Amino acid sequence: MPELPEVETFRRFTERYALHVPVTDVRVFKPKILENTTELALEQALIGRCLLETRRVGKHLLVRIGSPSEIASSEMKSREMAPPLDLGWLFLHFGMTGFLSYERDGQSVVNAYGNPALPNAHIRVQLALADGGLFNFHEQRMFGKLGLTTDAAAYFQARKLGPDALTVDRETFVAALQKRKGQLKPALMDQSLVAGVGNVYADEALYQCGLHPGRQASGLSAKEVTALHQQVVDVLQRTVAVAADRDQLPAHYMLHQRHPKAVCPSGGHPLSIASFGGRTTYFCPVCQS
DNA sequence: CCACATGTTCATTT
DNA sequence: AAAATGAACATGTG
């Protein structure tokens with residue numbers, strides 16, 4: 001599930017529940033989820049500190065670690081205080097099944113996106129906060145990662161992420177596709193071309209503008225590539241707007257049909273299920289060409 | 001038992 | 001060099 005809209009929802013969730021409260025404890029239940037760090041290093045980096053701000057590119061979420069006394073940067077500028085101590089960033093990647101939850105006072109459990117009855121299982125890392133809150137990173141399938149980095153820009157660069165798909169401008173998007181040899185679907189999913197589009201929303205954007213996933217990326221007309229840019233951004237923005245709860249997306253969205261009996265929301269024809277770029281791809285052979 | 005699942009990375013081939 | 005392909009990773013579901 002975690003493509004760009006889900007991770008953006010996690011980012012907002014983190015902002016809402018976990019910022020500006022000192023961390024009192026770090027519990028790692030599955031060390032394998034850690035990338036180039038240890039439980040001890042996380043404890044040293046986090047305990048007694050606060051999470052202060054978040055940043056997201058594509059499907060990657062970074063959370064800045066700072067001292068509890070550090071105040072908001074706008075306030076700081078106006079008072080011309082010393083620059084904040086560089087305490088680095090926590091990074092999270094959600095793999096195939098990752099998500100966040102928060103609980104407090106024993107009962108209230110809030111999940112990062114529409115999944116009301118999630119069990120308390122598969123918590124891999126838990127941050128205990130000074131207000132009694134517990135901030136949980138879940139990852140059933142263990143493809144996700146959590147770790148520390150000192151430099152946010154270097155973190156994104158090392159992963160060769162292209163411009164974020166939620167805000168990529170038309171000129172950049174068009175230029176990237178025009179020089180791309182190969183099929184549309186793999187191009188959209190290439191995180192170095194545009195960051196954040198995964199299997200489901202790639203299919204949706206292609207469906208919404210009537211483009212076949214196997215089309216040559218560089219072979220689109222100006223009109224087609226403009227429409228594709230618009231749909232990529234629109235599909236992602238709409239999904240962010242409903243906090244990545246797919247049940248709230250329009251009925252004419254094709255992602256509701258990802259099952260063997262799938263039919264086109266606009267004509268009722270059976271959808272084709274094929275492999276592009278090594279991923280299962282749903283598309284309408286009538287509407288998309 | 002098998003096939004398949006939203007992601008990324010790596011090796012191999014074209 | 002770029003792009004495609006397939007495997008691997010770990011775990012659960014149908």
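Chain naming here is simple, since letters A, B, ... match the order of the sequence lines and numbering starts at 1 in each. Here the structure is a predicted model, which means the values were calculated and not measured.
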A:Phe137 and side chain to side chain contact (heavy atoms under 4.5 Å, CB included): which single residue from A:Ile123, A:Leu127, A:Ile33 fits?
A:Ile33
In whole Å, I'd like the distance from the [atom1] atom of [X] to the [atom2] atom of [N].
X	N	atom1	atom2	result
A:Gln183	C:dA4	CD	C1'	8 Å
A:Asp190	C:dA4	CG	P	9 Å
A:Leu177	C:dA2	CG	P	16 Å
A:Lys32	C:dC9	NZ	C1'	7 Å

Under 4.0 Å from any heavy atom of chain A: name the first and the last nucleotide of DNA chain B that qualifies, 5' to 3'.
B:dA5 to B:dT8
As a check on the pairing definition, encode DNA chain B in dot-bracket form, counting Watson-Crick and G-U wobble pairs whose two distances are under 3.5 Å, and using | for partners outside this strand.
.||||.||||||||
Answer yes when [X] and [Y] have at least one side-chain N-carboxylate O distance shorter than 4.0 Å, and no when they do not.
X	Y	answer
A:Glu53	A:Arg64	yes
A:Glu224	A:Arg215	yes
A:Lys59	A:Glu8	no

Looking at A:Tyr155 versus A:Phe91, is the centre-to-centre ring distance below 6.0 Å?
yes
Have a look at [X] and say if it touches a base, only the backbone sugar-phosphate, or nothing, with a 4.0 Å heavy-atom cut-off.
X	value
A:Gly182	sugar-phosphate
A:Lys185	nothing
A:Arg180	sugar-phosphate

Judged by atom type as modelled, is there a donor-acceptor pair below 3.5 Å linking the side chain of A:Arg56 to the main-chain atoms of A:Phe10?
no
Using only atom types and a distance under 3.5 Å, with no angle test, would you say the side chain of A:Arg279 pairs donor to acceptor with the backbone of A:Ser275?
no
Flag if over 12 foreign heavy atoms under 6.0 Å of NE2, A:His269
no
Within 45 degrees of the axis of the six-membered ring of A:Tyr102 and under 6.0 Å from its centre: does A:Arg16 put its NZ or CZ there?
no
DNA chain B-proximal residues of residues 139-155 of chain A, any heavy atom under 4.0 Å:
A:Arg141, A:Phe143
